[in-house]
4 protein chains.
Amino acid sequence: MSVQNEQTALNVSSVTGRPLTKRGEATRRRLLEAAEHVFADQGYHEASIVKITERAGIGLGTFYLYFDSKQTIFESLVVDLNQRVRHSMAEAMTGAASRLEAERAGFAGFFHFTARHPALYRVVREAEFVSPDMLKLHYTRIVEGYEAGLRRAQQQDEVDRTLDPEIAAWALMGMGELIGMRYLLWERTADGDGPATLPDEAFDALMHFIDNALSPREHGQNSKEGENS
Amino acid sequence: MSVQNEQTALNVSSVTGRPLTKRGEATRRRLLEAAEHVFADQGYHEASIVKITERAGIGLGTFYLYFDSKQTIFESLVVDLNQRVRHSMAEAMTGAASRLEAERAGFAGFFHFTARHPALYRVVREAEFVSPDMLKLHYTRIVEGYEAGLRRAQQQDEVDRTLDPEIAAWALMGMGELIGMRYLLWERTADGDGPATLPDEAFDALMHFIDNALSPREHGQNSKEGENS
Amino acid sequence: MSVQNEQTALNVSSVTGRPLTKRGEATRRRLLEAAEHVFADQGYHEASIVKITERAGIGLGTFYLYFDSKQTIFESLVVDLNQRVRHSMAEAMTGAASRLEAERAGFAGFFHFTARHPALYRVVREAEFVSPDMLKLHYTRIVEGYEAGLRRAQQQDEVDRTLDPEIAAWALMGMGELIGMRYLLWERTADGDGPATLPDEAFDALMHFIDNALSPREHGQNSKEGENS
Amino acid sequence: MSVQNEQTALNVSSVTGRPLTKRGEATRRRLLEAAEHVFADQGYHEASIVKITERAGIGLGTFYLYFDSKQTIFESLVVDLNQRVRHSMAEAMTGAASRLEAERAGFAGFFHFTARHPALYRVVREAEFVSPDMLKLHYTRIVEGYEAGLRRAQQQDEVDRTLDPEIAAWALMGMGELIGMRYLLWERTADGDGPATLPDEAFDALMHFIDNALSPREHGQNSKEGENS
DNA sequence: AATGAATGAGAGTTCATTCAT
DNA sequence: TATGAATGAACTCTCATTCAT
């Protein structure tokens, strides 16, 4: 799906297929925003369309002018959040002087976004059970960007050339996910308040770990060895 | 919860709190076994008490003699699975000569378990949305063991002493989860067939990445530095 | 409702009661035509205003400039169809030399119409449940004509004078309805293809039955007798 | 479907397929009885499961232990009414000395039943739009019995041998239906009160008409002739 | 005269849980 | 100890109708 498609997708009703008026587009936005909060707070199954439309301040029936079903808006939300987190990361990484700096900036962008939009975390992970294909899409899109960056850095000897960039990308993503869960979401109070981003010590410790993993070694002693049992 | 408690839990009704007769214990076992299959096959929300009791060959009302609710039996299952996956990992690590070997063995044990019981592992992951506390317990128990192992290895200079073992443990767990999802669960066909474990190349590449991250550096150049933006 | 009324009804808005402009009249026509097809294809309850306006190529809101409600346009249709089936029958009977010939021609006209517009006739029958008064009107109008014909024939001794013409008319109508349903509508394939009219044998057998019922008996042995139990 | 099947069908849940307990059978009966009234009063589409269960004094969810859906209970009702009207007619005809007497008795039984159970009429006719197959079954079962009776009477020269008994049976059924509608149902007040059966004059007039149609003619002048246009 | 976004009452249906047996 | 009929709150979704444009 090209960027062009992603953008125009927002201007077309997913039910009637016709382009939305300005008013219609605003309504759609309000629904998505409400859905983000409701899904994040209550989870997919506890969420209901009534709760979403009430939060959006919109009539129940109106929902069905914009989305086919609860599943549909959920999937739209995953796509939406995916775009936004990637945007947030890309923006943070702009102008980074080195691989390390870019790495830090990218992770910082991710944690910032996650802290501000806990929905990202919950909605995306719950997608595994609601809409597995959307989950794949989400992870794959992010990993692809990551992997490309690692390959470029390897060519410039900023990253250990003996690493498999695909595996490394998935591993890095996994770290981000679990650390985000542990240090951002689990720290949230029942009121919904939580840290604005990862504490510095944790962030630095993680970056140190990652730096260790990626940095080129002085000597070639890191050749692959051993067997998978 | 001590091991003693975990074991005796099976001999006591979780509803009345009284010890079970032999017959009662058998009924409880059948319910748990049926629940394991039903939750694994259909997921928490699609599963129903009727399906569980039918599979167990037991009357619907009987269920409530043994469990308070659907959620209760689900949590019992998560505890059970947590024990089993930790057992699988511990067994694999027994007798490892070095930190690296233990690392390999532990991950291999984890991937084996996941590959063999993909649906069961699904239950654990779904716990995030059904019973968040159980998920915390599950992750925390695993991470604690990991962290302790890292600390011991650091004392013997098998692991970089400048690493934060807690962060490292969560990071490693995150890798395992996402790589397992990507290369084990996603590779399964619709028939339910999938790889018996992680492919060697992927496994070796991951271990190489981890080894990089954990191995002590010759010089002190890896000191922490930089700011969290 | 006189013929004059029936005709002018088309030139007046059934909502505002004011005469329609040429453009307005065209719109009303398109709505009625679309409604005829939609009601015939899908039945009253499956039909929806949206489907009708879409088929008419007209905005949804516009519908309510011409008709009060779904029921209103349905009733307009029933009136229209009643006129058409009576016209079809009357035309067929024109110029019949004898009572028997007229009888044959009238039934033939009815069966022709039903066979050619089975779905339209469905609309009329469904009126029994949507708008009972319209159905009464429909049946009564047809029966009245029938009854008048029977009375005239009795005066000319072409029909048994001991018969009650009202009962006979309703009985004849009932035959036509059920036989039409049985041998025309039920014989239609799923593709919508069916006989062009009643098979000759069936038609002749029915006419024979009717002739028996109506023909004057030689002797007076058919006087009314017996008790209703 | 044999009589044996029809009887045992009532002892088995149409949802679970298991035999019903005495209590279960009573509940099923109450639902059918309530459905008869609700469908008759309000029609299929206006009827709702809530209305049915409320009238039956039964919880909403209980409905689904006995019937899959509104359509299912409707069809069960058609079958039930069909059995009862045929029973009512057969009983009335028992011991009739002659064909004419049997005819009178059968029609009288039909009108009695219709007058007491207006549901029969409304439900059966509405079946044309709700469940066409059930309608066919209903009419066909009744007509088959009728036709067989006519054939027997023809062999004994009690009925005109030149008549086609199948056509005659459908014609007779059509008369009964429309006359019943006209003189029983249309005469009902809004309170639901109506005549206990057909007025004597109407009934006698109808029987006279039928007798004309069926009685053997003295001479053979009634041979079939003419063309279907 | 024409439009279509918005509405909400009310539909059919599910299922965890209760309780009389 | 075991049962399963009964329950009803809560769900998703439809569509005739309104009204601001």
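Quick note on labels: first sequence line is chain A, next is B, and so on, each numbered from 1.
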### Query
Looking at residues at least two apart in the chain, or sitting in another chain, which of them share a ring-ring contact (aromatic ring centres under 6.0 Å, His included) with C/His37?
none
### Message
According to salt bridge (Lys or Arg N to Asp or Glu O under 4.0 Å), who are the partners of C/Glu126, at least two apart in sequence or on a separate chain?
### Response
C/Arg122
### Query
Roughly, in whole Å, what's the span from CD in C/Glu25 to P in E/dA2?
13 Å
### Message
Let me confirm one number: the CD-CG distance from C/Glu33 to C/Leu31, rounded to the nearest 0.5 Å.
### Response
10.5 Å
## Note on the structure
Hits for salt bridge (Lys or Arg N to Asp or Glu O under 4.0 Å) against D/Arg55, two or more places apart or cross-chain, chain-then-number order -> none
Could you go through nucleotides 12-14 of chain F and list every protein N or O atom that sits under 3.5 Å from one of its N or O atoms, giving the distance for each pair?
| from | atom 1 | to | atom 2 | distance (Å) |
| --- | --- | --- | --- | --- |
| F/dT12 | OP1 | A/Lys70 | NZ | 3.3 |
| F/dT12 | OP2 | A/Ile49 | N | 3.3 |
| F/dC13 | OP2 | A/Tyr64 | OH | 3.3 |

### Query
Got a second to check how far A/Ser76's OG is from A/Tyr66's OH, nearest 0.5 Å?
13.5 Å
### Distance in angstrom units between B/Gln42 CD and E/dT14 C1', rounded
14 Å
### Query
Between E/dA1 atom C1' and C/Arg30 atom CZ, what is the distance in whole Å?
13 Å
### Summary
DNA chain E nearest-nucleotide lookup for A/Ile58 and B/Lys51: closer to the 5′ end is A/Ile58
### Query
C/Lys22 has an atom NZ; how far is it from atom P of E/dA1, in whole Å?
15 Å
### Task
Figure out the CZ/P separation between C/Phe67 and F/dT18, and round it to whole Å.
16 Å
### Task
In whole angstrom, give the distance that lies between atom CD1 of B/Ile73 and atom C1' of E/dT17.
15 Å
### Task
Output yes when at least one side-chain N/O atom of D/Thr62 is less than 4.0 Å from OP1 or OP2 of F/dA5, else no.
no
### Minimum side-chain heavy-atom gap B/Leu32-B/Ile73 below 4.5 Å
yes
### Task
Determine which pairs satisfy salt bridge (charged side-chain N to carboxylate O under 4.0 Å, His left out) with at least one residue from residues 36-50 of chain A, sequence neighbours left out, and list them in order.
A/Glu36-A/Arg84
### Query
Does the side-chain hydrogen bond (donor to acceptor under 3.5 Å, both in side chains) test come out yes or no for B/Arg125 and B/Tyr121, once each step is laid out?
CA-CA 6 Å; B/Arg125 294 174 69 92; B/Tyr121 211 68; over 6 Å; no
### Query
In whole angstroms, how far is the C1' atom of F/dA16 from the OH atom of C/Tyr66?
19 Å
### Query
So, for B/Val50 and B/Thr53, which heavy atoms are closest and what is the spacing to 0.1 Å?
O-OG1, 3.0 Å
### Query
Please, what dot-bracket string fits DNA chain E when only Watson-Crick and G-U pairs with both distances under 3.5 Å count, crossing ones use [ ] and pairs to another strand use |?
.||||||||||||||||||||
### Query
For A/Thr27 and E/dA6, is the shortest distance between a side-chain N/O and OP1 or OP2 below 4.0 Å?
yes
### Residue C/Leu65, side-chain atoms from C-beta onward, closest of E/dA6, E/dA2, F/dA2
E/dA2
### Query
What is the distance, rounded to the nearest whole Å, between atom CD of A/Glu46 and atom C1' of F/dA9?
13 Å
